[in-house]
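Notes follow once the structure below has been shown.
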Amino acid sequence: MLGKLIDSLDDPVVAMNLVAALADPELEARLANAAEAEGRPTADVVATIVRNFLNAASDDHWVQLIGIMNRAKDPGLAALRAILASELPEAVA
């Protein structure tokens with residue numbers, strides 16, 4: 001399940017549809033800010049953030065992520081939300 005989600009991030013349309021499915025305007029704004037700051041397409045930033053998180057996640061991060069996924073109605077979206085929320089800089093007020 002998580003592997004399919006990660007593989008699907010190679011398709012920018014799918015990546016952006018997943019972000020839209022989160023229905024989280026604050027998280028989307030944080031993502032847009034990060035993409036603008038890096039001068040990269042938002043879909044590329046999503047894929048990079050998720051892959052970097054998964055490559056560098058500690059055992060504690062994995063346990064937390066698995067717990068989030070186990071409690072979620074849609075585990076893939078819950079994982080995406082948790083990863084983006086933990087890795088994107090907070091919006092500046």
Side-chain angles (χ1 to χ4, degrees):
M1 163 182 30
L2 187 57
K4 286 183 180 181
L5 180 130
I6 294 164
D7 289 342
S8 72
L9 295 176
D10 289 330
D11 182 339
V13 172
V14 172
M16 294 313 300
N17 285 339
L18 288 168
V19 170
L22 296 175
D24 186 336
E26 190 268 334
L27 192 57
E28 287 183 42
R30 289 167 57 191
L31 181 58
N33 288 340
E36 184 177 332
E38 293 182 26
R40 296 174 49 213
T42 304
D44 289 352
V45 174
V46 170
T48 299
I49 288 171
V50 171
R51 289 190 175 104
N52 286 347
F53 176 88
L54 297 176
N55 287 332
S58 68
D59 289 343
D60 287 340
H61 289 127
W62 274 108
V63 168
Q64 290 173 359
L65 189 61
I66 298 301
I68 289 166
M69 292 173 69
N70 282 335
R71 293 186 301 274
K73 195 183 295 187
D74 187 328
L77 283 180
L80 181 62
R81 178 181 285 110
I83 291 168
L84 292 176
S86 71
E87 298 300 304
L88 286 168
E90 290 291 327
V92 177

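Keep in mind that the numbers below use all heavy atoms, side chains included, and drop hydrogens, waters and symmetry copies.
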Can you list the steps and then say if Leu84 with Leu22 is a side chain to side chain contact (heavy atoms under 4.5 Å, CB included)? CA-CA 11 Å; Leu84 292 176; Leu22 296 175; 4.1 Å; yes
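- Under the 4.5 Å side-chain criterion, counting only non-hydrogen atoms from C-beta, Arg30 is in contact with Leu27.
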Before giving the answer on side chain to side chain contact (heavy atoms under 4.5 Å, CB included), spell out for Val19 and Thr42 the whole-Å C-alpha distance, their side-chain angles and the decisive distance to 0.1 Å. CA-CA 10 Å; Val19 170; Thr42 304; 5.8 Å; no
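- Of the inter-residue distances, the one linking Ile83 atom CD1 with His61 atom NE2 reads 10.5 Å to the nearest 0.5 angstrom.
- Taking every heavy atom of both residues into account, Ala15 and Ala43 meet most closely at CB-CB, 4.0 Å.
- A single hydrophobic cluster is seen to contain both Val14 and Leu77, as judged by linkage of ILVMFWY side chains at heavy-atom distances under 4.5 Å, directly or through other members.
- Expressed to the nearest 0.5 Å, how far CG of Leu65 lies from CG of Asp60 amounts to 12.5 Å.
- From Glu26, atom CD reaches atom CG of Leu31 across 11.0 Å, with rounding to the nearest 0.5 Å.
- Linking Ile, Leu, Val, Met, Phe, Trp and Tyr whenever their side-chain heavy atoms come within less than 4.5 Å puts Val50 and Trp62 in one cluster.
- Across Asp10 and Arg51, no two heavy atoms sit closer than the pair OD1-NH2, 2.8 Å.
- By the 4.5 Å heavy-atom criterion applied to side chains, Thr48 and Glu38 are not counted as neighbours.
- Side-chain contact check for Ile6 versus Leu54: some heavy-atom pair is nearer than 4.5 Å.
- Under the 4.5 Å side-chain contact rule for hydrophobic residues, Leu9 and Met69 share a cluster.
- A heavy-atom distance below 4.5 Å is not found between the side chains of Asn52 and Glu87.
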